[in-house]
Amino acid sequence: MIDTHAHVHDRAFDDDRPAMLARARDAGVDAIVTVGCDVEDSRRACEAAERYGLAATIGIHPHEAKDAPAEIAAAFDALRERFGARVVAVGETGLDYHYDHSPRDVQREVLRAQLAYARARDLPLIFHQREAHDDFVAALRAGYDAASQRGIVHCFTGSSEEAAVFTGEFGLALGIGGVVTFKTAQPLRDAVRRAGLDAVVLETDCPYLAPIPYRGKRNEPAFVAETARVVAGVLGVDVATVTARSDANARRILALPVAA
Ligand SMILES: [Zn+2]
Ligand SMILES: [Zn+2]
């Protein structure tokens with residue numbers, strides 16, 4: 001079982017990282033993608049990936065867009081030169097108009113640069129989108145080539161209509177995490193049911209957004225099993241089917257190292 005979106009290099013795990021990763025293995029998680037949120041954080045993600053046999057991504061989160069380097073491509077190239085095949089995607093990148101930690105025009109510009117980088121280097125993308133659907137779709141229409149590129153809209157919590165745009169127009173997968181287990185998330189469960197197994201990849205986004213029964217606690221990759229259980233119930237299939245299809249979808253999108 002693959003956790004397609006985690007932040008296991010986060011400081012929240014500094015006290016027990018090896019034990020946390022052992023719990024993940026015990027829960028059946030055999031691959032973890034640890035996701036970078038700025039250049040320095042991406043370097044930490046790559047170092048953790050190298051040390052613990054994980055996959056990493058390099059990206060600038062919309063929250064951090066205001067501090068992006070002038071030469072994003074050069075910074076990313078340097079990380080890929082150093083860490084090679086450990087780097088499996090660009091992201092997380094996108095737009096977040098809920099928190100507005102960076103000005104919106106800067107968010108759009110930094111997203112545009114990362115779309116162009118991923119296209120030029122033939123890398124898949126991990127997207128973060130919150131309360132910015134229309135501008136995000138406009139950015140994809142301008143800078144994302146659905147015919148040749150692949151990607152995941154992580155922590156998807158939108159409507160069936162939004163899901164249909166992401167999967168239908170752009171061929172993107174929906175990253176489904178702990179939110180789908182929350183009592184109030186019936187619209188999301190409906191969207192997952194309509195999107196179907198081909199569109200779904202499982203994630204934790206740990207240390208954030210722990211699924212029930214861990215809600216409010218620190219999240220970790222082992223808990224992806226709880227999300228898999230709920231998605232299986234939503235789709236009316238067994239858990240093994242959900243994890244097998246999620247893993248296959250993830251491997252189709254991300255060039256994961258074998259036995260990562
Ligand atoms: Zn995110
Ligand atoms: Zn994340």
Side-chain angles (χ1 to χ4, degrees), residues 1-7 31-33 35 57 59 61-62 88-96 98 111 115 118 124-137 139-141 144 146 149-182 184-206 208-209 211 219 221 223-237 239 241-254 256:
M1 181 166 31
I2 301 170
D3 183 353
T4 63
H5 190 115
H7 302 275
I32 296 170
V33 181
V35 172
T57 77
H61 192 288
V88 299
V90 172
E92 49 190 298
T93 178
L95 302 175
D96 192 317
H98 178 76
L111 167 60
L115 284 166
L125 286 140
I126 309 276
F127 293 114
H128 169 111
Q129 188 280 126
R130 188 161 183 197
E131 292 176 26
H133 182 79
D134 291 350
D135 280 4
F136 180 65
V137 168
L140 292 180
R141 286 184 180 141
Y144 180 84
Q149 294 189 273
R150 295 151 290 147
I152 296 167
V153 181
H154 111 89
C155 195
F156 177 78
T157 55
S159 65
S160 288
E161 291 70 27
E162 290 171 354
V165 172
F166 291 145
T167 61
E169 180 174 346
F170 300 107
L172 297 167
L174 310 174
I176 303 299
V179 173
V180 79
T181 71
F182 297 174
T184 50
Q186 193 55 47
L188 174 58
R189 287 188 285 276
D190 294 340
V192 167
R193 187 177 299 112
R194 285 174 62 177
L197 269 178
D198 279 342
V200 168
V201 295
L202 299 171
E203 66 170 61
T204 57
D205 203 17
C206 67
Y208 314 107
L209 292 170
N219 197 3
F223 301 167
V224 77
E226 302 298 331
T227 298
R229 206 177 353 261
V230 168
V231 170
V234 165
L235 292 171
V237 297
V239 177
T241 301
V242 169
T243 59
R245 291 285 286 281
S246 165
D247 287 2
N249 294 340
R251 289 190 185 281
R252 194 173 63 234
I253 297 164
L254 308 168
L256 295 178

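- Residues passing the salt bridge (Lys or Arg N to Asp or Glu O under 4.0 Å) test with Glu131: none are found, sequence neighbours excluded.
- Within the model, atoms CD of Glu162 and OG1 of Thr167 stand 12.0 Å from one another, a figure rounded to the nearest 0.5 Å.
- Under the side chain to side chain donor-acceptor pair (under 3.5 Å) criterion, Asp205 pairs with His5, His7, sequence neighbours left out.
- Every side chain to side chain contact (heavy atoms under 4.5 Å, CB included) that Ala89 has, sequence neighbours left out, goes to Thr57, Pro124, Ile126, Leu254.
- Shown here for Ala132 and Leu95, the closest heavy-atom pair between the two residues is CB-CB, 3.6 Å.
- Within the 4.5 Å cutoff, side-chain heavy atoms of Thr93 are placed close to those of Leu125.
- Remark: Leu140 CG to Asp135 CG distance equals 11.0 Å, nearest 0.5 Å.
- Remark: the backbone N or O of Cys155 is paired with a side-chain donor or acceptor of Glu203 at under 3.5 angstrom.
- Using modelled atom types, no side-chain atom of Ser246 and backbone atom of Val242 make a donor-acceptor pair closer than 3.5 Å.
- Scanning both residues, Pro211 and Phe182, for their nearest heavy atoms gives CA-CE2, 4.4 Å.
- The side chain to side chain donor-acceptor pair (under 3.5 Å) check on Thr4 picks up nothing, with sequence neighbours excluded.
- A side-chain donor-acceptor contact under 3.5 Å links Asn249 to the backbone of Val200.
- A search for salt bridge (Lys or Arg N to Asp or Glu O under 4.0 Å) contacts involving Arg141 returns Glu169, not counting sequence neighbours.
- The minimum heavy-atom distance linking Ser160 with Ala191 is given by the pair OG-CA, 3.3 Å.
- Checked by atom type and distance alone, the side chain of Asp96 never pairs as donor or acceptor with a backbone atom of Pro62 at under 3.5 Å.
- In this structure, the side chain to side chain donor-acceptor pair (under 3.5 Å) partners of Thr241, at least two apart in sequence or on a different chain, are Asp238.
- Residues passing the side chain to side chain donor-acceptor pair (under 3.5 Å) test with Arg150: none are found, sequence neighbours excluded.
- No side-chain donor from either of Asn219 and Thr204 sits under 3.5 Å from a side-chain acceptor of the other.
- For residues 157-177, the set of pairs meeting the ring-ring contact (aromatic ring centres under 6.0 Å, His included) definition, not counting sequence neighbours, comprises His133-Phe166, Phe136-Phe166.
- Screening residues 224-233 for salt bridge (Lys or Arg N to Asp or Glu O under 4.0 Å), with sequence neighbours left out, gives Glu226-Arg229.
- Scored by the side chain to side chain contact (heavy atoms under 4.5 Å, CB included) test, Ala225 finds Met1 as partners (sequence neighbours excluded).
- Of the inter-residue distances, the one linking Ile152 atom CD1 with Ile176 atom CD1 reads 11.0 Å to the nearest 0.5 angstrom.
- Sorted by first and then second residue, the salt bridge (Lys or Arg N to Asp or Glu O under 4.0 Å) pairs with a member in residues 191-202 read Asp190-Arg193, Asp198-Arg245; sequence neighbours excluded.
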(request) Verify side chain to side chain contact (heavy atoms under 4.5 Å, CB included) between Val179 and Phe156, making sure each step is shown before the conclusion. (result) CA-CA 9 Å; Val179 173; Phe156 177 78; over 6 Å; no
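- Going from atom CG of Leu115 over to atom CZ of Phe127 covers 5.0 Å, rounded to the nearest 0.5 Å.
- The minimum heavy-atom distance linking Asp247 with Ile2 is given by the pair OD1-N, 2.9 Å.
- The side-chain heavy atoms of Ser159 and Pro187, taken from C-beta on, include no pair separated by under 4.5 Å.
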